Engineer: 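Here it is, the structure, as C-alpha cells.
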Amino acid sequence: MDRYREESRLIMQIVARSGAAIEQMSVDEAYLDLSPFCQGNCADDSLRLALPIARQIKQSIRAERQLTASIGIASNKLLAKLAADHKKPDGLTVIEEAKKIQFLRALPVRALHGVGRVTAEQLNQARILTVGDLQDHAGDLRALVGSFGPILKRFALGEDDRPLDLSGDVKSISSENTFLRDTDDRRILRTTLRQQAADIADELQKKRLAAKSVQVRVRYSDFTTLTRQLTFEDSTTEAAAIYNFGCHLLARHRLVNRPLRLLGLGVSNLVPPGQQMLLPLKA
DNA sequence: TCTGGGGTCCTAGGACCC
DNA sequence: TCTGGGGTCCTAGGACCC
C-alpha cells in the first residue's frame, strides 16, 4: 500500500506541472481545473484547447513512471469523470457541450454521481432506467429521490456546478479491522483497539490535528453494524486517550455482548491541536 | 459478490436554551 | 404550570464514493 501511495505522489507531481488547480480524490484520481489556460471562442473550443495539455500529461506519466492514465475532458466534474471512465486503461475522451445530452442518454441511471444501489432501484421501479429516461421525465423527481431530485435532473442534463475542493481539509480519521473469525475475546479486542488508536494518533500528528469526538463501530455475524460516539470539551491527540474512550464506549453500550466480525475506531470534530476552549462571554 | 477499508454527506430525533 | 416556536448541538444510521 505504501508503494501505491508513493507512486501516487510521484504521478500527482507530474500532473501538478500543468499548473492547474488540482483536487485529488483518491490515490489514483484527481480533477484539474484547466480553464485559466483554455479560453476559447466558445465552450467546445475551450475544451479542445485542453487536449494538448492532456496528451502531455499522459506522455510524461508514461515516460517517467511507465504507467498509463485515462483522462476525460469536459466542462464540469460530472462529465469529466464519465469521460475518463469511458475508455479505461489508456483513454483520452472529450465530451463536448454540444454532444453531452446525446452522450448521457444511453447510460444507466447508476452511472450518474450520487446514484447508488438504493436510488437506482427507486428509479427503476418508476420505470426510469436510463439517463435519457431522466432527461425526459416530466414530473418532480423529489417524489422519488427527495431533495436529490433537482440535482439529479441537472446531472441527467450534464449540468454540474460543484466547484473543485482545494482545501484539503480532513473531517475524520478512522481505522477498522474485520476478524478472520468472529471474536469476543477481550484480549484480542483490546489489542486491536490499541493498534487502531495508535494508527489514528499517528495520522492526527502527521496532519497536525486534534480530535474532539471518538467513535467506535462494531459489526456482528449477521452484518448488523452499530456506531456509538462521544464528544468532549477538550481535544486530544493521544493514542491512550483515544483507546480509553473507545473502551468506554464499548462498555457503556454493552456492544460486545456477542462475537464481533468487525471492530472499528475513529475520530472526528477535528481542530488544531492545543486549541483552547472559547469561554462564553457574559456582559 | 454473502460483503475490505477509509472516507463524505444527509436526515431525523432528542436535549437544551431562549 | 403548561404551552409554543426557533435555533443549535449531539447522536445514530444510511447512502454513496473511491
Side-chain angles (χ1 to χ4, degrees), chain A residues 1-2 4-5 7-8 11-12 23-31 69-70 72 77-78 80-82 84-85 88 108-124 142 144-152 155 160 162-182 192-193 195-197 199-200 202-204 206-207 209 211-233 235 245 248-250 252-255 260-271 277-278 280 282-283:
Chain A
M1 194 59 201
D2 278 352
Y4 264 136
R5 271 189 219 292
E7 193 61 52
S8 167
I11 290 176
M12 290 304 161
E23 177 185 3
Q24 187 169 353
M25 297 300 291
S26 64
V27 282
D28 66 350
E29 228 179 80
Y31 290 106
S70 291
K77 288 165 99 171
L78 176 92
K81 164 81 169 150
L82 290 171
D85 290 343
K88 243 332 199 175
V109 289
R110 189 77 168 73
L112 292 181
H113 180 89
V115 179
R117 179 180 47 84
V118 175
T119 305
E121 187 55 36
Q122 300 277 331
L123 294 169
N124 291 348
R142 268 181 288 217
L144 292 169
V145 299
S147 64
F148 185 43
I151 300 168
L152 181 59
F155 280 1
D160 173 17
R162 286 173 299 156
L164 260 61
D165 180 359
L166 306 174
S167 72
D169 290 351
V170 179
K171 305 269 168 55
S172 67
I173 297 169
S174 65
S175 171
E176 62 185 53
N177 294 94
T178 298
F179 300 110
L180 290 172
R181 182 177 301 167
D182 297 4
T192 305
L193 210 59
Q195 184 59 57
Q196 291 170 341
D199 293 345
I200 290 165
D202 269 4
E203 277 302 304
L204 282 174
K206 271 189 215 161
K207 298 189 155 83
L209 290 169
K212 291 183 65 180
S213 297
V214 169
Q215 174 197 300
V216 293
R217 169 199 294 259
V218 296
R219 178 171 292 152
Y220 303 105
S221 55
D222 64 356
F223 230 72
T224 307
T225 306
L226 302 179
T227 64
R228 292 294 180 269
Q229 102 174 45
L230 179 64
T231 300
F232 25 91
E233 293 219 339
S235 62
F245 282 121
H248 174 76
L249 282 165
L250 289 177
R252 179 164 74 161
H253 299 282
R254 304 198 191 293
L255 296 175
L260 304 186
R261 176 194 180 85
L262 170 147
L263 176 61
L265 184 63
V267 296
S268 56
N269 238 318
L270 305 180
V271 296
M277 286 300 300
L278 294 174
K282 278 241 168 97

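The model shown is predicted, which means the values in this text are computed figures rather than measured ones.
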Engineer: A:Y4 OH to B:dG5 P: how many Å, rounded?
Structural biologist: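 A:Y4 atom OH is separated from B:dG5 atom P by 16 Å.
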Engineer: With P as the reference atom in both, quote the distance from B:dC2 to C:dC18 in angstrom, rounded to an integer.
Structural biologist: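 B:dC2 and C:dC18 have their P atoms separated by 23 Å.
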Engineer: Go through B:dT8, C:dA15, B:dG6 for me and flag the one nearest to the A:V118 side chain.
Structural biologist: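 Comparing B:dT8, C:dA15, B:dG6 against the side chain of A:V118, the answer is C:dA15.
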Engineer: Can you see whether A:S172 engages A:Q215 through a side-chain donor-acceptor pair at a distance of less than 3.5 angstrom?
Structural biologist: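 The criterion, which ignores hydrogens and geometry beyond distance, is not satisfied for A:Q215 and A:S172.
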Engineer: Would you indicate what A:L249 reaches in the nucleic acid, counting non-hydrogen atoms under 4.0 angstrom: base, sugar-phosphate, or nothing?
Structural biologist: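 No contact at all - A:L249 keeps every heavy atom at 4.0 Å or more from the nucleic acid.
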Engineer: So which nucleotide from C:dC18, C:dC16, B:dG5 ends up closest to the side chain of A:L262?
Structural biologist: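 For A:L262, the side-chain atoms sit closest to B:dG5.
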Engineer: Distance only, no hydrogens: is a donor on one side chain within 3.5 Å (strictly under) of an acceptor on the other, for A:T225 and A:R219?
Structural biologist: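 The criterion, which ignores hydrogens and geometry beyond distance, is satisfied for A:R219 and A:T225.
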Engineer: Aromatic rings A:F232 and A:F245: how do their planes relate, parallel, tilted or perpendicular, breaks at 30° and 60°?
Structural biologist: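 Parallel: the ring planes of A:F232 and A:F245 meet at under 30°.
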Engineer: Does B:dG4 have its OP1 or OP2 closer than 4.0 Å to a side-chain nitrogen or oxygen of A:R261?
Structural biologist: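 So the side chain of A:R261 is within the cut-off, an N or O lying under 4.0 Å from OP1 or OP2 of B:dG4.
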Engineer: Charged N to carboxylate O below 4.0 Å: is that the case for A:D202 and A:K206?
Structural biologist: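 Here A:D202 does not pair with A:K206 in a salt bridge, since their nearest N and O are not under 4.0 Å apart.
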Engineer: Compare the minimum distances between each of C:dG13, C:dC16, B:dT8 and the side chain of A:V170, then state the nucleotide with the smallest one.
Structural biologist: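 Looking only at heavy atoms from C-beta outward on A:V170, the closest nucleotide is B:dT8.
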Engineer: Check this one for me: any side-chain N or O of A:K81 less than 4.0 Å away from OP1 or OP2 of C:dC18?
Structural biologist: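 Checking C:dC18 against A:K81, a side-chain N or O does come within under 4.0 Å of OP1 or OP2.
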Engineer: The side chain of A:S172 lies closest to which of these nucleotides: B:dG7, B:dG5, B:dT11?
Structural biologist: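 Of the options given, the side chain of A:S172 lies nearest B:dG7.
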Engineer: Rounded to whole angstroms, how far apart are CZ on A:R5 and P on B:dG6?
Structural biologist: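 Going from CZ in A:R5 over to P in B:dG6 covers 9 Å.
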Engineer: Classify A:S175 by what it touches in the nucleic acid, base, sugar-phosphate, or nothing, heavy-atom distance under 4.0 Å.
Structural biologist: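 Sugar-phosphate contact only.
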Engineer: Counting only side-chain nitrogens and oxygens, does A:T231 get under 4.0 Å of the OP1 or OP2 atom of C:dC9?
Structural biologist: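 The answer is no; no side-chain N or O of A:T231 sits under 4.0 Å from OP1 or OP2.
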Engineer: Using OP1 and OP2 only, check whether a side-chain N or O of A:T178 sits under 4.0 Å from B:dT3.
Structural biologist: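 A:T178 to B:dT3 OP1/OP2: no side-chain N or O under 4.0 Å.
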Engineer: Is the phosphate of C:dA12, meaning OP1 or OP2, less than 4.0 Å from a side-chain N or O of A:R228?
Structural biologist: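 The answer is yes; a side-chain N or O of A:R228 sits under 4.0 Å from OP1 or OP2.
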Engineer: When you measure from the side chain of A:F223, which nucleotide among C:dA15, B:dT3, B:dG5 comes out closest?
Structural biologist: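 My answer, after comparing the listed nucleotides, is B:dT3.
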Engineer: Using only side-chain N and O atoms of A:S174, determine if any of them is under 4.0 Å from OP1 or OP2 of B:dG7.
Structural biologist: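 A:S174 to B:dG7 OP1/OP2: side-chain N or O found under 4.0 Å.
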Engineer: Name the nucleic acid region contacted by A:S147, choosing base, sugar-phosphate or nothing; use a 4.0 angstrom heavy-atom cut-off, strictly under.
Structural biologist: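 Sugar-phosphate: the residue A:S147, judged by heavy atoms under 4.0 Å, touches backbone atoms but no base.
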Engineer: Using a cut-off of less than 4.0 Å, is there contact between a side-chain N or O of A:K171 and OP1 or OP2 of B:dG7?
Structural biologist: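 Looking at the OP1 and OP2 atoms of B:dG7, neither is under 4.0 Å from any side-chain N or O of A:K171.
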Engineer: Check the phosphate of C:dC16 against A:R110, side-chain N and O only, distance under 4.0 Å to OP1 or OP2. Yes or no?
Structural biologist: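 For C:dC16, neither OP1 nor OP2 has a side-chain N or O of A:R110 closer than 4.0 Å.
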Engineer: Would you mind pulling out the nucleotide paired to C:dC18, Watson-Crick or G-U wobble, both distances under 3.5 Å?
Structural biologist: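 Partner of C:dC18: B:dG5.
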Engineer: From C-beta outward on A:T227, which listed nucleotide comes closest to its side chain: C:dC18, B:dT8, C:dG13?
Structural biologist: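 Shortest atom-to-atom distance from the side chain points to C:dG13.
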